[in-house]
Amino acid sequence: MSHLSYARAMDSFQATIDADSRIEPRDAMPDGYRKTLIRQIAQHAHSEIIGMQPEGNWISRAPSLRRKAILMAKVQDEAGHGLYLYAAAETLGVDRADLLDMLHTGRQKYSSIFNYPTLTWADIGAIGWLVDGAAIVNQVPLCRCSYGPYARAMVRVCKEESFHQRQGFEILHTLSTGTPGQQAMAQDALDRWWWPSLMMFGPPDASSTHSEQSMAWGIKRHSNDELRQRFVDMTVPQADVLGLRVPDDGLVYDEVTGHYSFTQPDFTELYEVVKGNGPCNEKRLATRVKAHEDGAWVREAAAAYAAKQMERAA
Ligand SMILES: [Fe+2]
Ligand SMILES: [Fe+2]
């Protein structure tokens with residue numbers, strides 16, 4: 001592209017962003033925009049499929065057939081979210097096999113929340129309620145993301161996430177209105193998942209590296225701290241309904257602002273887990289790599305079948 005037509009293409013990109021319209025795969029876009037989206041969508045896709053593991057751990061031990069059927073549907077939804085997102089990333093000119101390779105070799109990350117273990121059945125409730133709840137708060141604004149394929153994928157994902165959040169809440173509601181032992185199990189799950197859930201919104205605004213440019217490009221619509229506040233405001237009243245106590249002595253409702261003030265999570269823990277030092281990092285990655293290797297014959301068979309079909313058509 002000549003300098004002049006490149007400059008024109010970038011003007012039209014900026015005009016699209018300024019008009020709050022969508023950028024589509026064939027539109028010209030700055031290199032940094034493309035790279036940022038590839039990184040973010042890939043990390044999101046990886047999180048969906050790695051996120052199947054902590055819950056998959058409980059499919060065989062769900063306490064009833066109904067719970068088992070619901071949990072299987074939920075875990076399958078997460079696989080589907082991964083597929084929409086890898087497909088959205090591919091519209092930016094990357095190959096899904098390369099993205100998976102980056103996940104498997106640790107060059108791309110996934111959400112740190114999935115590096116924590118699921119110790120009891122109540123953890124499945126806490127994940128649905130808190131982790132899928134935090135995912136909703138993060139993802140609803142992404143339905144208005146400037147990149148069309150990502151924004152459209154998010155619409156369906158968010159609808160399914162709200163089912164996930166309710167199923168988690170319902171599990172905890174059953175436990176928290178059950179025997180004293182079940183109530184204690186529910187409280188223990190909240191105690192362990194609260195802080196990692198707050199970390200899901202990323203570092204505080206003051207030390208967030210990618211945010212400003214992503215906001216200018218219409219990829220990100222709200223800051224990490226705004227979203228974290230929104231999550232706390234939404235979740236604390238729900239904990240009250242459950243009769244559970246959010247494990248934060250600093251939690252106070254401010255009548256004037258209409259917001260809760262709360263204690264920030266320990267971000268050094270977040271940085272450690274991101275670096276690979278969380279309780280389950282190694283296990284999650286090893287399970288993923290093994291699943292990929294075990295599935296090699298399926299990919300080969302599908303490719304051979306597609307080649308045969310093409311030959312026949314020709
Ligand atoms: Fe999901
Ligand atoms: Fe989900």
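In this chain, numbering begins with 1 at the start of the sequence shown. Order of appearance sets the numbers: ligands from 1, and atoms from 1 within every ligand. Keep in mind that the numbers below use all heavy atoms, side chains included, and drop hydrogens, waters and symmetry copies.
- With a cut-off of 2.8 Å, the Fe ion (ligand 1) has an N, O or S atom of E161 in range.
- At a threshold of 2.8 Å, the Fe ion (ligand 1) has no backbone or side-chain N, O or S atom of D77 nearer than that distance.
- Side chain to side chain, R66 and S64 fail the donor-acceptor criterion of an N or O pair below 3.5 Å.
- The number of heavy-atom neighbours closer than 6.0 Å to CZ of R166, taken from other residues, nucleotides and ligands shown, is 12 or below.
- The ND1 atom of H81, the Fe ion (ligand 1) and the OE1 atom of E48 define an angle of 100° (nearest 10 degrees).
- Salt-bridge formation is not detected for the pair D98/R107: no Lys NZ or Arg NE/NH1/NH2 atom is positioned less than 4.0 Å from an Asp or Glu carboxylate oxygen.
- A donor-acceptor distance shorter than 3.5 angstrom exists from the side chain of E90 to the backbone of R96, with no hydrogens or angles considered.
- The Fe ion (ligand 1) lies at 2.8 Å or more from every N, O or S atom belonging to H164.
- When the Fe ion (ligand 1) is compared with the N/O/S atoms of E78, atom OE1 turns out nearest.
- A salt bridge between R192 and D123 is present, with a side-chain N of the basic residue lying under 4.0 Å from a carboxylate O of the acidic one.
- Counting backbone and side-chain atoms alike, D132 contributes an N/O/S atom closer than 2.8 Å to the Fe ion (ligand 2).
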